[in-house]
Amino acid sequence: MHTYCYSHLEDFVKSFYSRLHIYQPTDLNMLQIAKELRIKVFFWPNGSQALFFEQTGYIFLNNELSPQQQWQDFTHELCHVLLHSGDQMHLPSPFR
């Protein structure tokens, strides 16, 4: 019998989803996830992006994208909000 060992990333995702009460794919809802994480989401006609202002994360999603594209942009921007810090425009250009 082979025992599967989870990677650090899998452990992180499992723990993260559990904290958000996500146990099955139908539980994945970007607005509910944002609410649980106290992140404000706005829809607008420009490109999707994330920013911080006064310790609050904001995600702006392009309202002209399909729901699948919005989900992809949301998860991308969510990583910026959760895992990145500082103003990345001050990084040397090869790192941007």
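- Residue Tyr6 places its OH atom among 12 or fewer non-hydrogen atoms of other residues, nucleotides or ligands, all under 6.0 Å distant.
- Going from atom NE2 of His80 over to atom CG of Leu78 covers 10.0 Å, rounded to the nearest 0.5 Å.
- His76 NE2 to Gln49 CD: the interatomic distance, rounded to the nearest 0.5 Å, is 11.0 Å.
- Using a 30° and 60° split on the angle between ring planes, Phe16 and Phe12 fall in the parallel class, below 30°.
- Atom SG of residue Cys5 and atom CD of residue Glu10 lie 10.0 Å apart, to the nearest 0.5 angstrom.
- Cluster annotation: Leu37 and Phe42 are assigned to distinct hydrophobic clusters (Ile/Leu/Val/Met/Phe/Trp/Tyr, side-chain heavy-atom contacts under 4.5 Å, transitive).
- Counting non-hydrogen atoms of other residues, nucleotides and ligands closer than 6.0 Å to CD of Gln68 gives a total of 12 or fewer.
- Interatomic distance, CH2 of Trp71 versus CG of Leu28, reported as 4.5 Å (0.5 Å rounding).
- Side-chain contact between Leu20 and Asp27: absent, with no pair of heavy atoms (C-beta onward) separated by less than 4.5 Å.
- Taking the six-membered ring where the residue is Trp, Trp44 and Phe60 present tilted rings, their angle falling between 30° and 60°.
- Scanning all heavy atoms of the two residues, the minimum distance from Pro45 to Asn63 falls at CA-OD1, 3.4 Å.
- Around CZ of Phe53, the count of heavy atoms belonging to other residues, nucleotides or ligands within 6.0 Å does not exceed 12.
- Ala50 approaches Val81 most closely through the heavy-atom pair CB-CG2, 3.7 Å.
- Listed here is the closest heavy atom pair of Leu65 and Ser48: CD1-OG, 4.1 Å.
- Looking only at distances, no side-chain donor or acceptor of Ser15 sits under 3.5 Å from a matching main-chain atom of Asp11.
- Under the 4.5 Å side-chain contact rule for hydrophobic residues, Phe43 and Tyr58 do not share a cluster.
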- prompt: Between Met30 and Leu61, does a side-chain contact (heavy atoms from CB on, under 4.5 Å) hold up when you go through it step by step?
  reply: CA-CA 11 Å; Met30 67 180 167; Leu61 297 174; 3.8 Å; yes
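- For the pair Ser18 and Tyr23, the tightest heavy-atom approach, listed with the atom from each and the gap, is O-OH, 3.6 Å.
- Atom CD1 of Ile59 is separated from atom CG of Leu31 by 10.0 Å, given to the nearest 0.5 angstrom.
- One N or O on the side chain of Gln70 and one on the backbone of Asn62 form a donor-acceptor pair closer than 3.5 Å.
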